[in-house]
Amino acid sequence: MKTQKSIPTTKVERSAKFVKTGIQIGGNYIKHYSKKLFNPDMDREQLNEDNATDIYKSLSELKGSALKIAQMLSMDKNILPKSYVDKFSQSQYNAPPLSGPLIVRTFNKNFGKTPENIFDSFNLNSSNAASIGQVHQATLNGKKLAIKIQYPGVGDSISSDLKLVKPFAFRLLGMSERELNIYIKEVEERLLEETDYELEVRRSIQFSEACKNLDHVVFPKYYPEFSGKRIITMDWIDGQHLKEFLQTNPSQELRNKIGQALWDFYNFQQHELRAVHADPHPGNFMITPDENLGVIDFGCIKEMPDDFYYPFFSLISTDVINDKNRTIDAFRKLEMIHKDDSPEQVEFYYKSYREMISLFAKPYTSTSFDFSKPDFFEQLYAYGEKISKMPEFKQARGVKHFIYVNRTNFGLYQILHELKATVQTDTYKPTLER
């Protein structure tokens, strides 16, 4: 893959890139409708393919929060046409890497030294390039290390990038402006944390220590002395990403073992730590040669306050959902039903959200769950498709915490579905006694 020699870092440069992409997309629409004059039955498949290619190319060159949003959208296979999902999912594993001189410059800026002056060896060719940074392999005192380097200008451009992304998001997601603003504000807060590599090192040490006794889950050791604002140094974990792992045709027993490790990793955090690794895309995990789940990124953490945790998990793990009054009370606390809703609206949202949560909670309401069966996911996607077309859901409902908690759980479900794993789901249960 070609390396990228520079990144647009100023607001003017990044704005110009978005404007250019918008013009390209406009041209794609003109081309599509011109052809449609001669072929009225033509579908939007080629238009989606052209738009997805142009948008992804632009976002991958901008990197940072712009590319991160593409990565997030690719994880929800119900939001976007397949062309976008296929193209945007490349950002989970493989965005265009930065060139060697840019890497050396980043080291000089952070440490006043080149990587060769710090490590015994340093590979200038990245082993993995994603949305916020890329990873290089190094050695020191006989130990193999992974060096994560943040792209220049990423942290400084988050707010302005998200404003530039809004027009694309309007068109792709069909959200109301209020809903989109809530979404973007929450995304901005998490991305600002994600670009703070000093915070990530502290959290990585804290979470890997808290989770160290989980079966079949392993973490790298982190080195604060070789880390900084834009660089993280950790042990290298050998292994395969999910896509590579599945290509080896693993046994059902091994699929279940990795799936169980993943389920326990997430639910231990949700219920014991009340904070969760909120970036469950496959690029953040490795399956090691000794058949463990390696967790290699703690950049995105979502904390769950009591006023969200208790009503939310009471709905999906107890009999509260069978009691109408208690369910409506929980919906009010979670702002899914508003205080100024009419009795008719209360009844409508009660029925709609009860159906949604009963479906979502199926893995939590049994002792084990087979994620290989497509019926569960088809029902989820069909329900999502149904409410996306209902005018009652065009306005924002629900507290902001849903954005990352739902993303986390749906992302977890999706990986378990790809693994075709059956897991024991009652290993770490919600703690609802205050």
Side-chain angles (χ1 to χ4, degrees), residues 71 74-78 82 85-86 89-90 92-94 128 207-208 211-220 236-272 276-297 316-317 358-384 406-430:
Q71 183 190 89
S74 74
M75 289 164 58
D76 191 331
K77 295 176 172 56
N78 196 40
K82 185 176 183 298
V85 172
D86 291 346
S89 63
Q90 292 181 33
Q92 295 179 4
Y93 301 98
N94 204 15
N128 184 271
F207 273 75
S208 52
C211 299
K212 68 182 181 182
N213 292 324
L214 293 174
D215 290 339
H216 309 301
V217 184
V218 295
F219 309 94
W236 182 274
I237 289 188
D238 284 312
Q240 297 172 310
H241 285 301
L242 181 68
K243 196 173 180 182
E244 302 164 322
F245 171 70
L246 292 176
Q247 286 171 350
T248 67
N249 195 26
S251 68
Q252 188 61 51
E253 182 183 11
L254 181 51
R255 288 169 183 266
N256 293 349
K257 178 181 174 182
I258 297 300
Q260 189 68 55
L262 195 65
W263 179 269
D264 290 348
F265 171 68
Y266 272 100
N267 282 282
F268 173 80
Q269 291 173 80
Q270 286 192 132
H271 306 310
E272 301 298 323
V276 67
H277 177 292
D279 198 6
H281 75 76
N284 284 339
F285 303 100
M286 307 289 286
I287 291 86
T288 66
D290 52 354
E291 300 181 353
N292 287 319
L293 177 74
V295 183
I296 56 175
D297 190 302
I316 71 171
S317 61
S358 297
L359 181 58
F360 167 83
K362 280 186 176 180
Y364 284 92
T365 53
S366 56
T367 56
S368 68
F369 197 80
D370 181 356
F371 285 91
S372 71
K373 293 180 178 175
D375 303 11
F376 172 63
F377 293 90
E378 287 167 4
Q379 289 175 325
L380 277 177
Y381 295 152
Y383 192 80
N406 283 351
R407 176 194 177 208
T408 297
N409 280 282
F410 280 120
L412 171 62
Y413 287 3
Q414 190 61 49
I415 296 177
L416 291 169
H417 182 48
E418 290 184 46
L419 277 167
K420 293 182 168 56
T422 298
V423 301
Q424 188 181 344
T425 51
D426 62 351
T427 47
Y428 294 98
K429 297 185 77 67

Side-chain donor or acceptor of [X] paired with backbone N/O of [Y] under 3.5 Å:
| X | Y | answer |
| --- | --- | --- |
| Thr425 | Tyr364 | no |
| Arg407 | Asp279 | no |
| His417 | Phe371 | yes |
| Arg255 | Leu419 | yes |
| His281 | Gly283 | yes |

What's the separation between atom [atom1] in [X] and atom [atom2] in [Y], rounded to the nearest 0.5 Å?
| X | Y | atom1 | atom2 | result |
| --- | --- | --- | --- | --- |
| Ile316 | Thr365 | CD1 | OG1 | 9.0 Å |
| Leu262 | His216 | CG | NE2 | 13.5 Å |
| Leu214 | Phe268 | CG | CZ | 5.5 Å |
| Ile415 | Asn284 | CD1 | CG | 8.5 Å |
| Glu253 | Ile258 | CD | CD1 | 11.0 Å |
| Met286 | Asp297 | CE | CG | 12.5 Å |

Of the non-hydrogen atoms in [X] and [Y], which two are nearest, and what is the gap between them?
| X | Y | value |
| --- | --- | --- |
| Ala421 | Gly259 | CB-CA, 4.0 Å |
| Leu246 | Pro250 | O-CD, 3.7 Å |
| His241 | Phe285 | ND1-O, 3.1 Å |
| Pro220 | Val295 | CD-O, 3.2 Å |
| Pro289 | Gly239 | CD-CA, 4.2 Å |
| Gly411 | Pro280 | CA-CG, 3.8 Å |

Between [X] and [Y], do the side chains contain an N or O donor and an N or O acceptor separated by less than 3.5 Å?
| X | Y | result |
| --- | --- | --- |
| Asn267 | Gln270 | yes |
| Gln424 | Asp426 | yes |
| Gln252 | Asn256 | yes |

Inset, instruction - Going by the ring pair (Phe, Tyr, Trp, His ring centres under 6.0 Å) test, name the single residue among Phe219, Phe265, Phe207 that passes it with His277. - result: Phe265

Inset, instruction - Check step by step if ring-ring contact (aromatic ring centres under 6.0 Å, His included) holds for Phe410 and Phe360. - result: CA-CA 9 Å; Phe410 280 120; Phe360 167 83; 5.3 Å; yes

Inset, instruction - Taking the side chain as every heavy atom from C-beta outward, state whether Gln379 and Lys362 have any atom pair closer than 4.5 Å. - result: yes

Legend entry - Within-4.5 Å side-chain heavy-atom neighbours: Asn292 and Val217: no

Legend entry - Residues that His271 engages under ring pair (Phe, Tyr, Trp, His ring centres under 6.0 Å), provided they are two or more places apart: Tyr309, Phe313

Inset, instruction - Name all residues meeting the ring pair (Phe, Tyr, Trp, His ring centres under 6.0 Å) criterion together with Phe376; count only those two or more places apart in sequence or in a different chain, and write none if there are none. - result: Phe369, Tyr413

Legend entry - Residues forming a side chain to side chain donor-acceptor pair (under 3.5 Å) with Gln260, sequence neighbours excluded: Asp264

Legend entry - Salt-bridge present (Lys257, Asp215; N to O < 4.0 Å): no

